[in-house]
There are 2 protein chains.
Amino acid sequence: MRSLPDASVDVIFADPPYNLQLGGELHRPNNSRVDGVEDSWDRFDDLATYDAFTRAWLAEAQRLLKPDGTLWVIGSYHNIFRVGAALQDRGYWILNDVIWRKSNPMPNFRGRRFTNAHETLIWAARSQESRYTFNYESMKALNDDLQMRSDWYIPICSGGERLRDAEGRKQHSTQKPEALLHRVLLASTRPGQLVLDPFFGSGTTGAVAKRLGRRWIGLERDNDYARIARERIARVEPLTDPSLIEIKPKREAPRVPFGWLVERGLLEPGTLLYGPGRRHCAKVRSDGTLIASGPEGDHRGSIHQVGAALQGAPACNGWSFWHLDVEGRAVPIDVLRQKLRAEME
Amino acid sequence: MRSLPDASVDVIFADPPYNLQLGGELHRPNNSRVDGVEDSWDRFDDLATYDAFTRAWLAEAQRLLKPDGTLWVIGSYHNIFRVGAALQDRGYWILNDVIWRKSNPMPNFRGRRFTNAHETLIWAARSQESRYTFNYESMKALNDDLQMRSDWYIPICSGGERLRDAEGRKQHSTQKPEALLHRVLLASTRPGQLVLDPFFGSGTTGAVAKRLGRRWIGLERDNDYARIARERIARVEPLTDPSLIEIKPKREAPRVPFGWLVERGLLEPGTLLYGPGRRHCAKVRSDGTLIASGPEGDHRGSIHQVGAALQGAPACNGWSFWHLDVEGRAVPIDVLRQKLRAEME
DNA sequence: ACAGGTGGTGAATCGCACA
DNA sequence: GTGTGCGATTCACCACCTG
């Protein structure tokens with residue numbers, strides 16, 4: 001970075017080491033071993049060392065940015081708070097924090113925390129005075145004519161897009177999906193502008209920049225990574241008319257778990273539910289499970305599980321099985337779900 | 001906070017001032033004025049002042065927490081990075097960052113950024129050694145039997161839940177939705193535990209804690225807010241039926257050694273057990289150990305040890321690994337354990 | 001050619017009670 | 001403190017194989 005001139009870059013996209021601090025080995029319930037990030041480039045002695053590293057590259061990045069330039073950084077809870085605080089300390093002006101919601105994150109195998117299903121991006125201008133680029137209309141068009149929100153639902157990089165060697169091993173442990181960079185660059189750069197990625201890795205930034213007709217610089221100190229990236233980008237065909245090809249965002253199915261009805265107050269814990277013909281009865285608990293008394297003791301579980309158990313059936317659709325008593329009439333609980341779905345739109 | 005004793009609180013939920021640094025007035029496209037947060041409690045002279053404030057209350061919070069206690073903080077990009085970094089500096093151990101995705105955020109009226117459609121919560125243990133509470137089963141139940149993810153989709157507080165005075169003005173500018181606190185407290189506290197909210201405001205934490213059978217302390221320096229919160233919480237009806245709020249984790253079920261099945265006659269010595277897909281086979285001995293023949297000689301030991309040895313795995317849950325042959329069908333030995341547990345009650 | 005089943009895998013800070 | 005052993009725990013997607 002030190003060899004590049006002042007105020008020469010329009011946008012910087014940075015995917016620095018996250019400093020994950022992983023402990024021992026982790027296994028899936030089927031005893032297979034999780035292939036975690038154990039690369040030497042992700043190891044720092046302590047938080048102070050990581051902070052010094054962060055402040056150093058953020059300072060250079062600010063020097064390289066044009067006055068109206070912006071910076072993107074991606075990270076997880078391990079590092080993003082330190083990066084964000086350092087940004088603000090240096091006078092960068094945060095424009096948004098953006099959540100990359102993963103459609104297919106790795107589960108939490110031990111059941112000890114919430115599934116870590118997202119990463120965080122910070123989008124910041126070089127200073128509070130920067131007159132930055134934001135392609136509002138492109139983003140709105142990409143989102144079915146609704147303003148693009150700060151939470152993005154995008155799959156992780158896998159399948160054919162994931163770079164692998166002849167033995168099928170992934171060539172970079174943290175390759176980012178092109179869909180993510182597509183949205184970043186489409187939102188914050190104009191065709192022909194210069195994008196710098198100081199942690200180039202497998203070269204996703206360069207590949208997408210080339211395709212979208214942006215110029216790019218990638219910095220990578222590992223020679224293998226640099227070679228992989230060069231070969232990858234050489235295979236990319238630039239779009240001659242980018243307006244013709246848009247990556248449509250992934251739509252999420254509007255699933256409504258039964259527990260949400262309790263959480264949102266549409267259903268009080270303790271409410272009684274009835275099966276068809278009032279032959280069965282169960283009580284709603286505060287976590288959205290049911291409790292019912294059967295001939296062989298209590299049944300607890302989801303609306304589907306308890307419905308199945310009471311009928312002695314292998315499966316049951318709880319949404320149509322269970323009913324509320326509304327002034328003597330039996331009303332299927334599915335009407336509450338429809339109500340909530342309507343509120344969600 | 002200074003008046004409370006050391007290590008007296010199980011969970012802290014903190015909704016500190018966000019230090020929003022709003023500039024002039026903001027108007028909607030129809031020229032109506034946006035009623036933003038202009039309260040004096042949200043104004044700080046500079047980042048250093050805000051940091052000092054943050055570090056002070058985080059230090060007190062850590063003193064008040066029991067060794068296995070956890071802390072929740074909610075914030076936006078204006079303050080959450082500073083809070084997160086300060087947390088880590090103090091030795092708190094981050095467990096998750098959780099994204100509250102708003103179903104109905106305020107749009108970005110100027111079209112200059114992404115719609116700011118989320119807030120960030122940090123969930124952290126008092127230290128890396130804390131053996132914190134996480135009600136995995138409840139969270140899974142609340143999400144239709146899938147692991148709860150780190151992104152939560154919840155509406156903002158509005159409608160009947162929003163506290164308003166006689167003139168219809170909102171009584172607190174940043175009242176949080178009860179659904180958010182419902183999920184927070186259901187995930188990380190047990191009935192009867194003590195929850196502290198050092199920025200009590202309109203008292204959402206107290207209202208939900210009372211309803212869910214948790215004890216609570218709210219600290220609020222504004223007398224009007226304190227009065228509003230007191231009146232609000234007085235109107236809340238707690239759930240009295242313990243079966244609605246007490247969720248017994250599987251991990252706390254009474255331990256049943258495998259040998260008891262043999263001892264009680266549920267399993268004959270000499271019975272053959274099979275691994276998944278009948279790829280492995282072992283014989284039950286009279287002391288509850290197994291004996292199996294592998295490629296490298298006999299394996300003897302507990303159901304777990306033999307299962308692990310045959311798979312070449314570091315560990316194995318024998319209860320789910322081994323199956324009985326019941327008329328040609330494979331039945332996990334765990335059903336025998338459940339039978340014995342039921343007899344023991 | 002197509003449907004359905006099987007197996008692999010992803011930026012992961014992933015126990016706890018005993019002796 | 002340290003060591004040992006029980007036993008709890010996974011979702012979405014894709015490649016590949018089989019019928």
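Residue numbers start from 1 in every chain, and the chains themselves are labelled A, B, ... in the order their sequence lines are given, proteins ahead of strands.
Side-chain atoms of A/K176 and base atoms of C/dA11 include a donor and an acceptor less than 3.5 Å apart. You'll find a donor-acceptor pair under 3.5 Å spanning the side chain of A/D15 and the base of C/dA11, going by distance alone. Put simply, the side chain of A/R113 and the base of C/dT13 share a donor and an acceptor less than 3.5 Å apart.
Using a 4.0 Å heavy-atom cutoff across all strands shown, B/N317 reaches at least one base atom of the nucleic acid. Among the protein residues, A/P16 comes within range of the nucleic acid bases, having at least one heavy atom under 4.0 Å from a base atom. Using a 4.0 Å heavy-atom criterion, one finds that B/L146 contacts the sugar-phosphate atoms exclusively. Within the 4.0 angstrom heavy-atom criterion, base atoms lie near A/D42.
Scored by the salt bridge (charged side-chain N to carboxylate O under 4.0 Å, His left out) test, B/E129 finds no partners at all (sequence neighbours excluded).
For the P atoms, the distance from C/dT13 to D/dG5 is 30 Å, rounded to whole Å.
At a threshold of 4.0 Å, the pair B/E137-B/K248 does not count as salt-bridged, since none of the basic side-chain nitrogens sits closer than that to a carboxylate oxygen.
Applying the 5.5 angstrom centroid cut-off and the 30 degree plane-angle cut-off, the aromatic ring of A/Y77 is not stacked upon the base of C/dT13.
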How does DNA chain C look in dot-bracket notation if pairs are Watson-Crick or G-U with both distances under 3.5 Å, crossing ones as [ ], other-strand ones as |?
.|||||||||....|||||

